[in-house]
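To start, the structure under review is shown below, and the notes come after it.
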Protein chains: 2
Amino acid sequence: MHNSQVPAETWSIAELAAEYDVTLRTIRFYEDRGLLTPERRGTTRVYHPRDRVRLALVLRGKRLGFSLDEIAKIVDMYDAEPGEEGQLVYLLDQITHRRTELEQRRRDIEETLQDLAQVETRCRTDLEALRNGQT
Amino acid sequence: MHNSQVPAETWSIAELAAEYDVTLRTIRFYEDRGLLTPERRGTTRVYHPRDRVRLALVLRGKRLGFSLDEIAKIVDMYDAEPGEEGQLVYLLDQITHRRTELEQRRRDIEETLQDLAQVETRCRTDLEALRNGQT
DNA sequence: TTCATGCTTGACGCTTACGTAAACGTAAAG
DNA sequence: CTTTACGTTTACGTAAGCGTCAAGCATGAA
């Protein structure tokens, strides 16, 4: 049955912090908020691949402007147990909701990028005029 | 010379608040932060099209997770005066910077949408299994 | 005149998301 | 054995982004 000889890598809090460029405080704070649940070896935190993935998801969520509470809900969807029908229906509902939000944000981004392109064009025009106008 | 007979519409603070579904407090706060600069008729605020546009931009920026400080910089780029060369170059720099950020966010969104699609698939599979398994 | 509406300016309160010590434990290195 | 590195908890501080009174002015209708 080839019982997976993957080393099951782990990380210290400092390693994770360095990798994702956040402070220890931040990582501990996320644990406080239930976003991470590292193993304890004595009192020391040991992070498994699962935590690492979740941290990455949290940070991505942050870049998207979600609050930690919202992120918690989203991230928890990722490894939700099969569960009962009600749960699944609720999950599908959540997914629809989040998707709607994300698509709105995507539209916002497209619009902003177009606006920026306009400003840039104007900018370059002005710059041209300036450089032609005065020797 | 057809000197534009556009009514040059204006709005009260309550009208703007209703239109964009924010509170008066929020609008005044944005003014405090220099994002809006309504005319004063007596002590009362009168909002012109420019303010209305800027409010929309601010809210869009918020949806994208920018801080009000960042939003201020972005929005101010939109109606920057031609100015001197240094200014223009700085502006172009800013544009590049913001564009990079936005593109990162767009990637984040794409990834998240794909993740959600996976979760949804799994969800529907589980739901199917459940409905087949027990009568 | 009185009342309701809508506006104004403070000013304190609250939540989020951490920053920043303080004070302590542990384990390897010099 | 002491230093150094790395970890821990507890707890107060803070900046952003408003919410929420309180108290007051102006104006038109009843």
Side-chain angles (χ1 to χ4, degrees), chain A residues 9-48 51-52 54-76 98 101 104-105 108, chain B residues 9-48 51-52 54-76 98 101 104-105 108:
Chain A
E9 200 170 356
T10 63
W11 295 267
S12 76
I13 188 168
E15 286 168 349
L16 269 196
E19 179 173 357
Y20 289 101
D21 193 31
V22 294
T23 68
L24 308 192
R25 178 70 176 89
T26 299
I27 294 185
R28 294 197 191 104
F29 183 71
Y30 291 167
E31 179 178 348
D32 229 60
R33 302 299 302 272
L35 292 164
L36 304 175
T37 51
E39 182 199 341
R40 293 295 182 126
R41 228 163 260 172
T43 88
T44 301
R45 294 169 172 84
V46 175
Y47 296 86
H48 291 264
D51 297 300
R52 194 162 158 276
R54 287 178 68 104
L55 178 54
L57 291 176
V58 169
L59 297 177
R60 195 175 73 186
K62 282 210 56 188
R63 286 198 300 275
L64 292 178
F66 287 106
S67 75
L68 290 185
D69 277 10
E70 293 174 305
I71 291 173
K73 288 182 189 167
I74 297 174
V75 169
D76 282 339
R98 298 302 169 187
E101 278 183 330
Q104 170 62 50
R105 269 158 212 216
D108 287 335
Chain B
E9 200 171 356
T10 63
W11 295 268
S12 75
I13 188 168
E15 286 168 350
L16 268 196
E19 180 173 356
Y20 289 100
D21 193 30
V22 293
T23 68
L24 308 192
R25 178 70 177 90
T26 298
I27 294 184
R28 294 196 192 104
F29 182 71
Y30 290 166
E31 179 178 349
D32 230 60
R33 302 297 303 274
L35 292 164
L36 304 175
T37 52
E39 183 199 341
R40 293 295 182 128
R41 228 162 259 173
T43 88
T44 301
R45 293 170 173 84
V46 175
Y47 295 86
H48 292 263
D51 297 301
R52 193 161 158 279
R54 287 179 67 104
L55 178 54
L57 290 176
V58 170
L59 296 177
R60 196 175 71 186
K62 282 211 56 188
R63 285 197 301 274
L64 292 178
F66 286 106
S67 76
L68 290 185
D69 277 9
E70 292 174 306
I71 291 173
K73 287 182 189 169
I74 297 174
V75 170
D76 282 339
R98 298 304 169 187
E101 278 183 329
Q104 170 63 50
R105 280 175 161 117
D108 288 333

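These numbers come from a predicted model, not from an experiment. In the text below, chain A, chain B and the rest are named by the order of the sequence lines, each starting its count at 1.
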Query - B:E70 and B:K73 ion-paired at < 4.0 Å - result: no

Report task. Send over the distance from B:I71 CD1 to D:dG17 C1', rounded to a whole Å. Result -> 11 Å

Query raised in the report: Rounded to whole angstrom units, what separation is found between the OH atom of A:Y30 and the C1' atom of C:dG19?
Result: 13 Å

Report summary line: Here the distance between atom P of C:dT5 and atom CD1 of B:I13, to the nearest Å, is 19 Å

Query raised in the report: Heavy-atom contacts under 4.0 Å between residues 15-29 of chain B and DNA chain D, which residues?
Result: B:T23, B:R25, B:T26, B:F29

Query raised in the report: Side-chain N or O of B:T44 less than 4.0 angstrom from OP1 or OP2 on C:dG6?
Result: no

Requested in this report: Would you mind reporting whether B:V58 and B:L68 have side-chain heavy atoms less than 4.5 Å apart?
Outcome: yes

Query - Integer-rounded Å distance: C:dT8 C1' and B:R45 CZ - result: 7 Å

Report summary line: The residue among B:R54, B:R40, B:R25 that forms salt bridge (charged side-chain N to carboxylate O under 4.0 Å, His left out) with B:E31 is B:R40

**Report entry** side-chain hydrogen bond (donor to acceptor under 3.5 Å, both in side chains) partners of A:R28, counting only residues at least two apart
**Finding:** none

Quick one: which protein N/O atoms are closer than 3.5 Å to N/O atoms of nucleotides 22-26 of chain C? Pair and distance per line, please.
none

Requested in this report: Determine: side-chain N/O of A:K62 to OP1/OP2 of C:dC18, distance under 4.0 Å, yes or no.
Outcome: yes

Query raised in the report: Looking only at side-chain N and O atoms, does B:S12 come under 4.0 Å of OP1 or OP2 in C:dC7?
Result: yes

Requested in this report: Look at the side chain of A:D51 and the backbone N and O of A:H48, then say whether any donor-acceptor pair between them is shorter than 3.5 Å.
Outcome: yes

Query raised in the report: How long is the line joining CG of B:D32 and P of C:dA11, in whole Å?
Result: 13 Å

Query raised in the report: Atom CG of A:L55 to atom P of C:dC18: distance rounded to whole Å?
Result: 11 Å

Query raised in the report: Can a cation-pi geometry be assigned to A:R105 and A:F66, taking NZ or CZ under 6.0 Å from the six-membered ring centre and within 45° of the ring axis?
Result: yes

Query raised in the report: Can you tell if the side chain of B:R60 reaches within under 4.5 Å of the side chain of B:L57, non-hydrogen atoms only?
Result: yes

Query raised in the report: Which heavy atom in B:W11 sits nearest to a heavy atom in B:E15, and how many Å separate them?
Result: CA-OE1, 3.2 Å

Report summary line: Only residue of A:L36, A:I27, A:T23, A:V46 satisfying side chain to side chain contact (heavy atoms under 4.5 Å, CB included) with A:I13 is A:I27

**Report entry** Gap between atoms CD and P, on B:E31 and D:dC18 respectively (whole Å)
**Finding:** 15 Å

Report task. Would you indicate what B:R41 reaches in the nucleic acid, counting non-hydrogen atoms under 4.0 angstrom: base, sugar-phosphate, or nothing? Result -> nothing

